[in-house]
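Here the structure is laid out as structure tokens; the discussion comes afterwards.
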Amino acid sequence: MTEITAKSIDAALRKQLAQIETSLEAREVGVVTQVGDGIARIDGLKGAMMGELLEFTGEGGKTVFGLAQNLEENEVGAVLLGDVTAIRENDMVKTTGRVVEVPVGKGMLGRVVNPLGMPIDGKGPITPEGYRPVEFKAPGVISRKPVHQPMQTGILAVDSMIPIGRGQRELIIGDRQTGKTAIAVDAIINQKGQDMICIYVAIGQKASTVAQIVETLNRYGAMDYTIVVSATASDSAPVQYIAPMAGAAMGEYFMYNGEDGKPASKENPGRHVLIIYDDLSKQAVAYRQMSLTLHRPPGREAYPGDVFYLHSRLLERAVKMNDDNGAGSMTALPIIETQAGDVSAYIPTNVISITDGQIYLQTDLFYQGHRPAVDVGISVSRVGGSAQIKAMKQVAGSLRLDLASYRELQAFTQFGSDLDKATQRQLNRGARMTELLKQGRYNPMPVYDQAIAIYAGNQGFLDDIPVSDVVRFRTEMLEFINTHKAGIVEQLRKELKFTESIETELKAALADFKAEFQVSK
């Protein structure tokens, strides 16, 4: 009898226990000992992890999140990501056991969000498809593939001489007001219909500047495939610091997953992403400010010693995945602002050494009217011809060298008057090819039009056209060919290179157009 009772009680207890929620949530609780400048010092969080998300409970129960940065012997140094005025001494802090994550998914497209993924464009809430950590280890060499697909920017000077491939990291560098952002925005506009997701990360810029860029992208129909991550100058240093990583996390979702949102594979290809970091010199300044207030030892130019590692682990996330991993890609165009053209400063040299080439914009060229003001002498792409179609390789092969030698010759001969015919011919051709590369903003050019324009210059069709008429000649000539000789462009698109028959037809078409072209008086 006793035995039966004991068994029945045991069974009843087991039944009750099965109905009770047995999952435990272990959270450490600490206290804020000091707060100021967006930094909180916390006592009592012995088990906090580096980069862990901390939950602060402020006045009136207001919740503010922070990021654990300094794990010291007796306290934890954390940076606050929300309303810093809501936190006081003796407020409670809890660990969350999670790192900082951002919402990701197709719902983010066409929206302007802050670095925590919250919408700031007044268009209502976003329904995410998941969350990704802002810090994520870049894939190893085995998961990658060499860069081989072109990422056309639509900018003649860039696509011909400094080609960018999908999965490449190409730095845009130059002084302020030289057109760095213009190149990035043109590249985004040119991705229309190219099956490319674009992410524009604005770091430490004026809110009015970001609004202007969003308005431009809307006007050209580019916001449909673009996410704008905005950490303006009025945001705190920690928010500006995590902005590029948050943008990379949003991009990685598309690269690592197919159209259906499932992990990318051979059967389920990943998407292609273009990400602009505008600009990383402001992120470095925000990180310096954050580190100094955390009492980390300053290094060169007061930057912390790991500022190189900060940028290298961010840019290493730009990658071209191999076929087994879905063959997706993330192309990064980081922007760096120089002071008085000094590319040998600390942050510029760091980022130059991490990236696969740089587009250097020069103030002098900009003021001389060369837009985009690309300096062909110092600009380089370490991927090169691998990221170009054959037709462009054929016509642009010697263009860089020709322009560089023209600039040198021009500087050398400006004081002389007696020039031999060969030198005069080289100067004439160089002046016209330089003019040919000029291009207005928000006016990207299809790659086949670019190849035809350079071909016309190489074949001498511009040699007797006045320099002031070269851009008009190019515009009207491309209009003529696309309207009246569309077969040539179709053939070029099909062959991807200049064959003998295409060249014969094109030369005849160019001669016909030139005969009718009216030189301005």
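Quick note: residue numbers are just sequence positions, from 1. Keep in mind that this is a model prediction, so the values were computed, not measured.
Heavy-atom neighbours of Glu129 CD from other residues, nucleotides or ligands within 6.0 Å: above the threshold of 12. Other residues, nucleotides and ligands place no more than 12 heavy atoms under 6.0 Å from the NZ atom of Lys192.
Remark: the backbone N or O of Arg27 is not paired with any side-chain donor or acceptor of Thr95 at under 3.5 angstrom. A donor-acceptor pair under 3.5 Å is formed between the side chain of Thr331 and the backbone N or O of Gly167. With hydrogens and angles disregarded, a donor-acceptor distance shorter than 3.5 Å links the side chain of Ser312 to the backbone of Phe308. Side-chain atoms of Thr96 come within 3.5 Å of backbone atoms of Leu53 as a donor-acceptor pair (strictly under, hydrogens ignored). Judged by distance alone, the side chain of Ser386 and the main-chain N or O of His148 form no donor-acceptor pair under 3.5 Å. In terms of modelled atom types and a separation under 3.5 Å, the side chain of Arg132 and the main chain of Glu101 share no donor-acceptor contact. Put simply, the side chain of Asn114 gets close to the backbone of Met118: a donor and an acceptor are under 3.5 Å apart. Side-chain atoms of Thr338 come within 3.5 Å of backbone atoms of Asp175 as a donor-acceptor pair (strictly under, hydrogens ignored). In this structure, Asp159 contributes its side chain and Thr153 its backbone to a donor-acceptor pair below 3.5 Å. Here the side chain of Gln168 pairs a donor or acceptor atom with the backbone of Gly165 at under 3.5 angstrom.
Contact annotation: the side chain of Leu80 approaches that of Phe56 to within less than 4.5 Å [non-hydrogen atoms, C-beta and beyond]. Residues Val158 and Ile164 form a side-chain contact, since some pair of their non-hydrogen atoms from C-beta on lies under 4.5 Å apart. Looking only at side-chain heavy atoms (C-beta outward), Met392 and Pro163 stay at 4.5 Å or farther from each other. Residues Leu67 and Tyr241 have side chains in contact (heavy-atom distance under 4.5 Å, counting atoms from C-beta outward). Between Val307 and Ile347, some side-chain heavy-atom pair lies under the 4.5 Å cut-off. Val113 is not listed as a side-chain neighbour of Ile120, based on a closest heavy-atom distance of 4.5 Å or more. Tyr277 has its side chain out of reach of Leu171: every pair of non-hydrogen atoms, C-beta onward, lies at least 4.5 Å apart. The side-chain heavy atoms of Met151 and Glu170, taken from C-beta on, include no pair separated by under 4.5 Å.
Ile173 pairs with exactly one of Ile335, Asp279, Ile336, Val351 by the side-chain contact (heavy atoms from CB on, under 4.5 Å) rule, that one being Ile336. Each of Arg166, His272, Arg144 was compared with Ser329 under the side-chain hydrogen bond (donor to acceptor under 3.5 Å, both in side chains) criterion, and only His272 meets it. Just one residue in the list His311, Gln240, Arg296 forms a side-chain hydrogen bond (donor to acceptor under 3.5 Å, both in side chains) with Tyr287, and that residue is Arg296. Applying the side-chain contact (heavy atoms from CB on, under 4.5 Å) test between Thr226 and each of Asn218, Val214, Ile188, Ile199 identifies Ile188 as the sole match.
Both cation-pi conditions hold for Arg288 and Tyr303: the charged atom is under 6.0 angstrom from the six-membered ring centre and inside a 45 degree cone around its axis. A cation-pi arrangement is absent between Arg317 and Phe136, since the terminal nitrogen or guanidinium carbon is not both under 6.0 Å from the aromatic centre and inside a 45° cone about the axis.
Taking the charged nitrogens against the carboxylate oxygens, Asp186 and Arg441 have no contact shorter than 4.0 Å, which rules out a salt bridge. Remark: Glu59 does not engage Lys62 in a salt bridge, criterion side-chain N to carboxylate O under 4.0 Å. Salt-bridge check for Lys46 with Glu28: failed, with every basic side-chain N at 4.0 Å or more from each acidic carboxylate O. A salt bridge is defined here as a Lys NZ or Arg NE, NH1 or NH2 lying under 4.0 Å from an Asp or Glu carboxylate O, and Glu316 with Arg169 meets this definition. The existence of a salt bridge linking Asp323 and Lys145 is confirmed by a sub-4.0 Å separation between a basic side-chain nitrogen and an acidic carboxylate oxygen. By the 4.0 Å N-to-carboxylate-O rule, Glu215 lies close enough to Arg219 to be salt-bridged with it.
Interatomic distance, CG of Leu217 versus SG of Cys198, reported as 8.5 Å (0.5 Å rounding). To the nearest 0.5 Å, atoms CD (Gln388) and CD (Gln152) are separated by 8.5 Å. Separation of atoms CZ (Phe366) and OG1 (Thr178) is listed at 7.0 Å; rounding is to 0.5 Å. One distance of note links CG of Leu294 with CD of Gln69; it measures 6.5 Å at 0.5 Å rounding. Separating the CD1 atom in Ile172 from the CG atom in Leu333 is a distance of 4.5 Å, to the nearest 0.5 Å. Separating the CZ atom in Arg371 from the CG atom in Leu437 is a distance of 15.0 Å, to the nearest 0.5 Å.
The shortest heavy-atom contact between Val102 and Ala249 is CG2-CB, 3.7 Å. Between Gly326 and Ala264, the closest heavy-atom pair is CA-CB, 3.8 Å. Shortest non-hydrogen contact noted between Pro115 and Val229 is CA-CG1, 4.0 Å. Listed here is the closest heavy atom pair of Val273 and Gly251: CG2-O, 3.4 Å. When all heavy atoms are compared, the tightest approach of Gln439 to Leu156 is OE1-N, 2.8 Å. Of all non-hydrogen atoms in Leu280 and Pro244, the two that sit nearest each other are CD2-CG, 4.2 Å.
For the side chain to side chain donor-acceptor pair (under 3.5 Å) test, residues two or more places apart in sequence or in another chain that qualify with Asn268 are Asp260. With sequence neighbours left out, Glu135 forms a salt bridge (charged side-chain N to carboxylate O under 4.0 Å, His left out) with Arg313. For Lys106, the salt bridge (charged side-chain N to carboxylate O under 4.0 Å, His left out) partners at least two apart in sequence or on another chain are Glu259.
Asp37 and Thr293 share no donor-acceptor pair across their side chains, judged by distance under 3.5 Å alone.
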Determine, stepwise, if the pair Gln205 / Lys282 fulfils side-chain hydrogen bond (donor to acceptor under 3.5 Å, both in side chains).
CA-CA 9 Å; Gln205 293 184 39; Lys282 287 193 182 77; over 6 Å; no
May I have the step-by-step check of side chain to side chain contact (heavy atoms under 4.5 Å, CB included) for Leu314 and Met245, ending in yes or no?
CA-CA 6 Å; Leu314 169 71; Met245 280 99 82; 4.2 Å; yes
Criterion ring pair (Phe, Tyr, Trp, His ring centres under 6.0 Å) on Tyr442 and Tyr220, from CA distance to verdict:
CA-CA 8 Å; Tyr442 319 132; Tyr220 291 95; 5.5 Å; yes
Could you give me the CA-CA distance, side-chain angles and deciding distance for Ser230 and Thr232, then say whether side-chain hydrogen bond (donor to acceptor under 3.5 Å, both in side chains) is met?
CA-CA 6 Å; Ser230 171; Thr232 58; 5.2 Å; no
Would Glu52 and Val99 count as a side chain to side chain contact (heavy atoms under 4.5 Å, CB included) if you check the C-alpha gap in whole Å, the side-chain angles of each, and the deciding distance to 0.1 Å?
CA-CA 5 Å; Glu52 185 175 358; Val99 292; 5.7 Å; no
